[in-house]
2 protein chains.
Amino acid sequence: MGNSKLYKGSLITIILKLLNEHDKMYGYEIVQRVKEITKDELKITEGALYPSLHKLEAEGLLNVEVLKVGNRLRKYYKLTEKGTKETVNKLAELESYIKTMRALVNPKFRID
Amino acid sequence: MGNSKLYKGSLITIILKLLNEHDKMYGYEIVQRVKEITKDELKITEGALYPSLHKLEAEGLLNVEVLKVGNRLRKYYKLTEKGTKETVNKLAELESYIKTMRALVNPKFRID
DNA sequence: ATATATACATAAAATTCTTATGCATAAATT
DNA sequence: AATTTATGCATAAGAATTTTATGTATATAT
């Protein structure tokens with residue numbers, strides 16, 4: 001993904017949040033959207049994305065709907081109710097992570 | 001480490017920053033310090049820490065000094081010059097990561 | 001005609017971490 | 001006195017996530 005290893009573990013959070021916003025997206029679209037938003041800082045690889053989407057679907061966080069657009073297939077993913085709840089969790093975990101890391105790297109953010 | 005998977009990839013950054021601050025630390029001390037600072041949010045496991053310290057040493061980012069304290073050994077690690085430079089990089093990467101993630105999860109932080 | 005973009009997929013390898021285990025000394029508890 | 005907890009290091013098996021490489025196929029731009 002990114003140039004730094006910190007993105008490891010962030011992919012699920014990113015996918016869920018984008019779907020939470022857009023209601024319905026397909027894999028290729030997610031890759032493009034992330035490139036846009038991050039100004040090419042973060043490029044999701046297909047080899048990471050597609051297995052993750054399949055996993056989220058298997059866990060019941062996403063629903064799939066296959067559409068034929070022109071002559072190509074698109075697999076549209078949508079959050080389930082469970083997926084929406086998990087999105088909230090993941091976003092809270094991200095905020096917690098950021099706070100914790102700030103305390104670690106920025107002594108003035110420590111609550112002694 | 002933490003309850004969330006986001007900490008994956010953060011360990012090196014944490015180690016380097018703490019050593020940048022304390023000048024000289026041993027493994028067990030790092031584990032305790034992180035627990036303190038994060039109020040038990042983040043517990044570094046020994047199985048992750050020690051191999052990472054060995055790796056940083058092998059890469060020339062850390063120097064080791066073995067001291068016998070009482071009757072027990074302590075391996076004190078210290079940043080090399082290269083390690084100090086890498087710390088700056090890692091901290092910049094963390095800031096970049098946080099900005100990028102904020103843009104992804106918080107639309108109002110996006111620069112369109 | 002050829003290259004690039006769109007769209008999905010999987011498999012091998014690399015990376016990082018968890019869990020489990022091992023050794024040994026020191027201090028605290030029962 | 002005996003046992004548990006704390007201190008201090010280490011490694012190895014397995015799990016999880018990601019990279020890299022490869023494959024298939026249609027559509028558009030050069």
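Hydrogens, waters and symmetry mates are skipped; everything else that's a heavy atom, side chains included, is used. Residue numbering restarts at 1 for every chain, and letters A, B, ... go by the order of the sequence lines.
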Within residues 89-99 of chain A, those residues having any heavy atom closer than 4.0 Å to DNA chain D are none
When the distance from CD of B:Glu36 to C1' of D:dT7 is rounded to whole Å, what number comes out? 15 Å
Is the shortest side-chain N/O distance from B:Asn71 to OP1 or OP2 of C:dA24 below 4.0 Å? no
Select base, sugar-phosphate, or nothing to describe what B:Lys68 touches, counting heavy atoms under 4.0 Å on all strands. nothing
Please report, rounded to the nearest Å, how far the P atom of D:dT18 is from the CD1 atom of A:Ile44. 9 Å
One character per nucleotide, please: for nucleotides 3-9 of chain C, 5' to 3', B when the base has a protein heavy atom closer than 4.0 Å, S when only the sugar-phosphate does, - otherwise. --SBSBB
Results of side chain to side chain contact (heavy atoms under 4.5 Å, CB included) for A:Ser96 - residues two or more places apart only: A:Thr100, B:Glu41
Just jot down the side chain to side chain contact (heavy atoms under 4.5 Å, CB included) partners of B:Lys17, sequence neighbours excluded, or say none. A:Val105, A:Pro107, B:Asn20, B:Glu21, B:Leu91
Hey, what do you get for CG (B:Leu6) to CG (A:Leu6), rounding to the nearest 0.5 Å? 10.5 Å
Residues at least two apart in sequence or cross-chain that pass side chain to side chain contact (heavy atoms under 4.5 Å, CB included) with A:Asp23, listed by chain then number, are A:Lys78
Which whole-number value in Å describes the distance from B:Met25 CE to D:dT7 P? 14 Å
Side chain to side chain donor-acceptor pair (under 3.5 Å) with A:Glu29: which residues, sequence neighbours excluded? none
With sequence neighbours left out, which residue pairs that include part of residues 45-73 of chain A fulfil the side-chain hydrogen bond (donor to acceptor under 3.5 Å, both in side chains) condition? none
Among residues 6-20 of chain A, which ones have heavy-atom contacts with DNA chain C below 4.0 Å? A:Lys8
Any pair with a residue in residues 2-42 of chain B that passes ring-ring contact (aromatic ring centres under 6.0 Å, His included), sequence neighbours left out, goes on the list, sorted by first then second residue, please. A:Tyr97-B:Tyr7, B:Tyr26-B:Tyr76
First encountered from the 5' end of DNA chain C, between B:Lys43 and A:Pro51: A:Pro51
Side chain to side chain donor-acceptor pair (under 3.5 Å) with A:Glu95: which residues, sequence neighbours excluded? B:Arg102
Value in whole Å for how far the P atom of D:dT20 lies from CG of A:Asn3: 12 Å
What is the distance, rounded to the nearest whole Å, between atom CZ of B:Arg33 and atom C1' of D:dT7? 18 Å
Taking side chain to side chain donor-acceptor pair (under 3.5 Å) as the definition, give me every residue that meets it alongside A:Asn106, ordered by chain and number, with sequence neighbours left out. none
Would one find a side-chain N or O of B:Lys5 under 4.0 angstrom from OP1 or OP2 of D:dT17? yes
Whole Å only: how far is the CG atom of B:Leu49 from the C1' atom of D:dT11? 14 Å
Check the hydrophobic clustering (I, L, V, M, F, W, Y; side-chain heavy atoms under 4.5 Å; chains of links allowed) and say if B:Leu104 and A:Val88 are grouped together. no
Partner set under side chain to side chain donor-acceptor pair (under 3.5 Å) for B:Glu86, not counting sequence neighbours: B:Asn89
